[in-house]
Amino acid sequence: MSSCVEHGDLMSCLKLTPLFSTIFELVLQYGSHSKKRPNNLILGRTYDHHIYDLVEVGVENYKSMESYVYDKKLAPKLGSKPFFAFIGEHFESSEDLKHLKEVLLDLFRGEVVENLNLAGVDRIYVCTAISPTTVYMMHCALRLKRSGTPIPRMELVEVGPSMNLVVRRHRLPVESLKKEAMKTAEHAKKMKNVTKDPVQGKLGKVYMPDQQVGKLALSNDIKGLKRERREAKKNKEHSKKQKVNPE
C-alpha cells in the first residue's frame with residue numbers, strides 16, 4: 001500500500017519503470033489498493049522528460065482469462081496487434097472518457113506499421129461507455145468466416161479478461177506542452193523539375209524551346225561588331241594617309 005495514494009498525491013506515485021513505448025516517450029502504469037481507492041490503476045504518458053497527462057481509474061467486476069471457456073485454437077497469438085472498438089456517445093461528449101480513450105490507444109499501440117495482414121488480426125478490445133465515467137472493457141478473439149465476398153465475416157468470441165474502468169481523476173496536459181507534442185514536420189512545397197541527390201544536392205532541369213539560330217536577327221550594338229568597325233575605320237584612315245603622303 002502506498003502512502004502517496006492514501007494522501008491523494010497523484011504525481012508523487014509515478015516514480016516507476018516504463019513498460020511500453022509509444023509516440024510519446026513512455027506510457028506509465030501504476031497499480032495500488034487502499035481502503036479509500038480500492039483496485040486503483042494510474043495510467044500516464046510522458047513527453048520530453050515531463051509528465052504529459054494522467055488518468056486514474058478504478059477496476060471493478062474483473063474477470064480473468066481462466067474464467068472463460070472457449071476453443072483454445074481461437075486464443076490470440078502473443079504480440080499480435082489488436083483492433084479497438086469504442087461504443088457509446090460518451091466517448092464523444094465526456095471529457096473523462098475522451099482522455100481515457102487516447103491513453104488506452106497509446107498503451108496498446110505497439111510498433112507502428114503501414115500495412116497489416118488481415119489474417120494476422122486475431123483480437124479486439126471492445127470498450128462500451130456505460131456512463132460518462134464508466135467503461136466496460138472486454139477482450140475478444142476474432143473468428144474469420146466465409147461471407148461470399150473478398151472480405152470475410154467476423155465473429156467475436158470473448159476470451160477475457162474483462163472489467164469495468166471507472167474514471168476517478170484525470171489530469172489533462174499543460175497547453176504549452178501539448179502544443180509542443182502535437183507539432184508535425186512541415187512538408188516543403190514540391191517544386192516542379194527539382195530533385196534532391198544525396199551526393200550532388202539539389203538538382204534542377206531547365207527546358208529550353210527550340211531555337212532557329214540561322215533566322216535570328218543580329219543587332220548592330222553587339223560588342224564584337226563594334227570592334228570590327230573600329231578596326232575597319234583605322235585601316236581606312238591608314239590607307240588614306242598612304243595615298244596623301246606617297247614615298
Side-chain angles (χ1 to χ4, degrees), residues 1-65 81-112 123-140 160-184:
M1 185 183 298
S2 174
S3 60
C4 63
V5 176
E6 289 178 351
H7 292 86
D9 188 356
L10 188 61
M11 288 295 297
S12 62
C13 297
L14 294 172
K15 297 177 181 178
L16 37 112
T17 305
L19 299 181
F20 290 88
S21 297
T22 66
I23 55 174
F24 296 93
E25 291 178 353
L26 304 172
V27 171
L28 306 174
Q29 299 177 84
Y30 182 82
S32 61
H33 181 74
S34 66
K35 184 177 180 180
K36 185 177 180 180
R37 292 186 177 87
N39 304 320
N40 203 52
L41 178 63
I42 299 175
L43 304 174
R45 296 178 290 182
T46 69
Y47 177 79
D48 194 23
H49 307 289
H50 294 83
I51 297 294
Y52 182 77
D53 59 358
L54 296 169
V55 179
E56 183 185 50
V57 298
V59 180
E60 300 178 356
N61 301 325
Y62 177 80
K63 292 180 65 176
S64 64
M65 297 177 67
K81 294 185 73 65
F83 277 135
F84 264 85
F86 294 92
I87 304 171
E89 61 181 10
H90 294 303
F91 283 113
E92 302 297 330
S93 59
S94 171
E95 291 298 326
D96 291 351
L97 297 195
K98 278 184 182 179
H99 193 190
L100 179 61
K101 176 182 175 181
E102 292 179 4
V103 175
L104 287 176
L105 288 176
D106 273 337
L107 178 65
F108 290 93
R109 183 180 299 274
E111 182 182 357
V112 178
R123 68 174 73 195
I124 182 172
Y125 288 95
V126 181
C127 302
T128 305
I130 301 174
S131 72
T133 58
T134 305
V135 173
Y136 174 63
M137 184 177 181
M138 63 177 180
H139 180 213
C140 299
S162 65
M163 68 200 80
N164 287 345
L165 299 178
V166 182
V167 179
R168 291 172 175 168
R169 293 181 293 176
H170 74 117
R171 197 197 77 172
L172 294 173
V174 180
E175 192 62 31
S176 58
L177 188 62
K178 181 180 179 180
K179 187 176 180 180
E180 180 68 23
M182 295 302 170
K183 278 185 179 178
T184 56

Handout entry: Distance-only polar pair, side chains of N40 and E56, donor-acceptor under 3.5 Å
Key = yes
Smallest separation among heavy atoms of [X] and [Y], with atom names:
{"X": "V135", "Y": "C127", "answer": "CG1-CB, 3.8 Å"}
{"X": "I124", "Y": "A85", "answer": "CD1-CB, 4.0 Å"}
{"X": "N164", "Y": "T134", "answer": "CB-CG2, 4.4 Å"}
{"X": "P132", "Y": "S94", "answer": "O-OG, 2.7 Å"}

Between atom [atom1] of [X] and atom [atom2] of [Y], what is the distance when rounded to the nearest 0.5 Å?
{"X": "D96", "Y": "L172", "atom1": "CG", "atom2": "CG", "value": "8.5 Å"}
{"X": "M137", "Y": "Y62", "atom1": "CE", "atom2": "OH", "value": "11.0 Å"}
{"X": "F91", "Y": "T128", "atom1": "CZ", "atom2": "OG1", "value": "7.0 Å"}
{"X": "L43", "Y": "L28", "atom1": "CG", "atom2": "CG", "value": "9.0 Å"}
{"X": "M182", "Y": "L177", "atom1": "CE", "atom2": "CG", "value": "9.5 Å"}
{"X": "L54", "Y": "R45", "atom1": "CG", "atom2": "CZ", "value": "10.0 Å"}

Any donor-acceptor pair under 3.5 Å linking the side chain of [X] with the backbone of [Y]?
{"X": "K81", "Y": "R109", "answer": "yes"}
{"X": "H90", "Y": "G88", "answer": "no"}
{"X": "T46", "Y": "H49", "answer": "no"}
{"X": "H33", "Y": "N39", "answer": "yes"}

Exercise for the section: Would you sort out whether E92 and E89 count as a side-chain contact (heavy atoms from CB on, under 4.5 Å), showing the intermediate values? Expected result: CA-CA 5 Å; E92 302 297 330; E89 61 181 10; 5.7 Å; no
Handout entry: Aromatic plane relationship, Y52 with Y47 - under 30° parallel, 30 to 60° tilted, over 60° perpendicular
Key = perpendicular
Problem - Step-by-step side-chain contact (heavy atoms from CB on, under 4.5 Å) determination, H170 to D53 - result: CA-CA 8 Å; H170 74 117; D53 59 358; over 6 Å; no
Practice task
Determine, step by step, whether V55 and L104 satisfy the side-chain contact (heavy atoms from CB on, under 4.5 Å) criterion, reporting the C-alpha distance in whole Å, the side-chain angles of both residues, the deciding distance to 0.1 Å, and the verdict.
Solution key: CA-CA 10 Å; V55 179; L104 287 176; over 6 Å; no
Problem - Salt bridge present between K178 and E175 (N-O < 4.0 angstrom) - result: no
Problem - R37 vs R169 side-chain heavy atoms within contact, under 4.5 Å - result: yes
Practice task
Go through the steps to decide whether H99 and V167 satisfy the test side-chain contact (heavy atoms from CB on, under 4.5 Å), and finish with yes or no.
Solution key: CA-CA 10 Å; H99 193 190; V167 179; over 6 Å; no
